[in-house]
Protein chains: 2
Amino acid sequence: MEESKYTQSVDKDLDEETLFIVSQTFKALSDPTRIRILYLLSQKEHSVNEIAEKLSLGQSAVSHQLRFLKNLRLVKYRRAGTTLYYSHDDKHVMNILKQTIDHARHH
Amino acid sequence: MEESKYTQSVDKDLDEETLFIVSQTFKALSDPTRIRILYLLSQKEHSVNEIAEKLSLGQSAVSHQLRFLKNLRLVKYRRAGTTLYYSHDDKHVMNILKQTIDHARHH
DNA sequence: AGAATATATGAGAATATGTTCATATATTAA
DNA sequence: TTAATATATGAACATATTCTCATATATTCT
């Protein structure tokens, strides 16, 4: 039997663009440092130095990771003088992170 | 003010083990090849060769990735002669994958 | 046992990733 | 304008990842 002309999109192969977006999204969540940063930002906004101190990381490392997250529009920032306050900027992704943390904890 | 003894677990720092499980889970979903394999298995079980053919991948590459996914208990298999039929084995993770694919498609 | 088929495994190569170090840029205050 | 503070950036290094190639293992059939 041939493929039905009513085949749903959910059964089609993944197109390049979708695949790229999905893999990039999960890549953002696959590194312990980025997870810790996002988790911190899930509670409230933090400056770069606050993040570095709270998580015992170098300022440069934090800045690099924030750039990564910013490029994917997972975080945003507001400026206050020389200080940049970062906060999360993607509710869907933060929700998925929270779901998975809860799931991991219950085992 | 000191930390309340009623502080919710959701506000605590992430412990090592949770962090490890979460990062490993997302790492599994961060590679295009593994995403394509899991997506295929979300539809129905497939043998190693079927996966390789459908996705135009080498048999060895597929086998390596399946081992990775098997170690995380994201897939399982049943044997039929010399053929191994793989299927998904973690509804939570498959649900997250589906959510994220849908989210990516709608943009 | 030997041949055929399906899958797994290990080593090696190419590429990607994450951190550190040094330094650049931007904002504010004196 | 100069100094002080906060953050960003680029290069270099160490490690991790993913694929390919060759070969090993497992099952079935004759």
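Model, not experiment: these values are computed from the prediction. In what follows, every chain begins at residue 1, and chains take the letters A, B, ... in the order their sequences are listed.
Interatomic distance, Gln59(A) CD to Leu66(A) CG, rounded to the nearest 0.5 Å: 10.0 Å.
In this structure, Phe68(B) atom CZ and dC19(D) atom C1' are separated by 15 Å, rounded to whole Å. Ile37(B) has its CD1 atom 13 Å from the P atom of dT7(C), to the nearest Å. The interatomic distance linking Arg79(B) (CZ) with dT27(D) (C1') rounds to 7 Å, in whole Å. Across the protein-nucleic acid pair, Glu53(B) atom CD and dA6(C) atom C1' stand 12 Å apart, rounded to whole Å. Atom CG of Asp31(B) and atom P of dT15(C) are 16 Å apart (whole Å). Across the protein-nucleic acid pair, Leu29(B) atom CG and dT18(D) atom P stand 12 Å apart, rounded to whole Å. Across the protein-nucleic acid pair, Tyr85(A) atom OH and dA8(D) atom C1' stand 18 Å apart, rounded to whole Å. Taking atom CZ of Phe20(A) as the reference point, atom P of dA16(C) lies 12 Å away to the nearest angstrom.
Distances shorter than 4.0 Å separate none of the side-chain N or O atoms of Gln65(B) from OP1 or OP2 on dT17(D). Between Thr33(B) and dC19(D), a side-chain N or O to OP1/OP2 separation shorter than 4.0 Å is present. Residue Lys27(B) places at least one side-chain N or O under 4.0 Å from the OP1 or OP2 atom of dT17(D). Contact between the side-chain N/O atoms of Arg34(A) and the OP1/OP2 oxygens of dT17(C) is not found at any separation under 4.0 Å. At dT7(C), one or more side-chain N or O atoms of Asn49(B) fall inside 4.0 Å of OP1 or OP2 (strictly under the cut-off).
Nearest-nucleotide positions on DNA chain C place Ala61(A) closer to the 5' end than the other of Ala61(A) and Ala80(A).
For an aromatic pair to be called close, the ring centres must be under 6.0 Å apart, and Tyr77(A) with Tyr85(A) fails this.
In the interface, the side chain of Ser60(B) is paired with the base of dC21(D) through a donor and an acceptor atom under 3.5 Å apart. Side chain Gln59(A) to base dA6(D): no donor-acceptor pair is found below 3.5 Å. Residue Ser63(A) places no side-chain atom within donor-acceptor reach of the base of dT9(D), judged by atom type and a 3.5 Å distance cut-off alone.
Side chain of Ser63(B) to backbone of Ser60(B): no donor-acceptor contact under 3.5 angstrom is found. Ser23(A) places a side-chain N or O within 3.5 Å of a backbone atom of Leu19(A) that can act as its donor or acceptor partner. Counting only distance, with no hydrogens or angles, the side chain of Arg34(A) and the backbone of Lys27(A) share a donor-acceptor pair below 3.5 Å.
Listed candidates were dC19(D), dA8(C), dG10(D). Nearest to the side chain of His64(A) is dG10(D). Nearest to the side chain of Thr82(A), among dT19(C), dT5(D), dA6(C), sits dT5(D).
Residue Tyr77(A) is classed as having no contact, given no heavy-atom separation below 4.0 Å to the nucleic acid. Using a 4.0 Å heavy-atom distance criterion, Tyr86(A) is classed as a sugar-phosphate-only contact.
Under the Watson-Crick or G-U wobble criterion, with both distances below 3.5 Å, dT30(D) is paired with dA1(C).
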Requested in this report: List the steps, then state whether salt bridge (charged side-chain N to carboxylate O under 4.0 Å, His left out) holds for Glu45(A) with Arg78(A).
Outcome: CA-CA 9 Å; Glu45(A) 65 174 13; Arg78(A) 72 177 174 86; 2.6 Å; yes
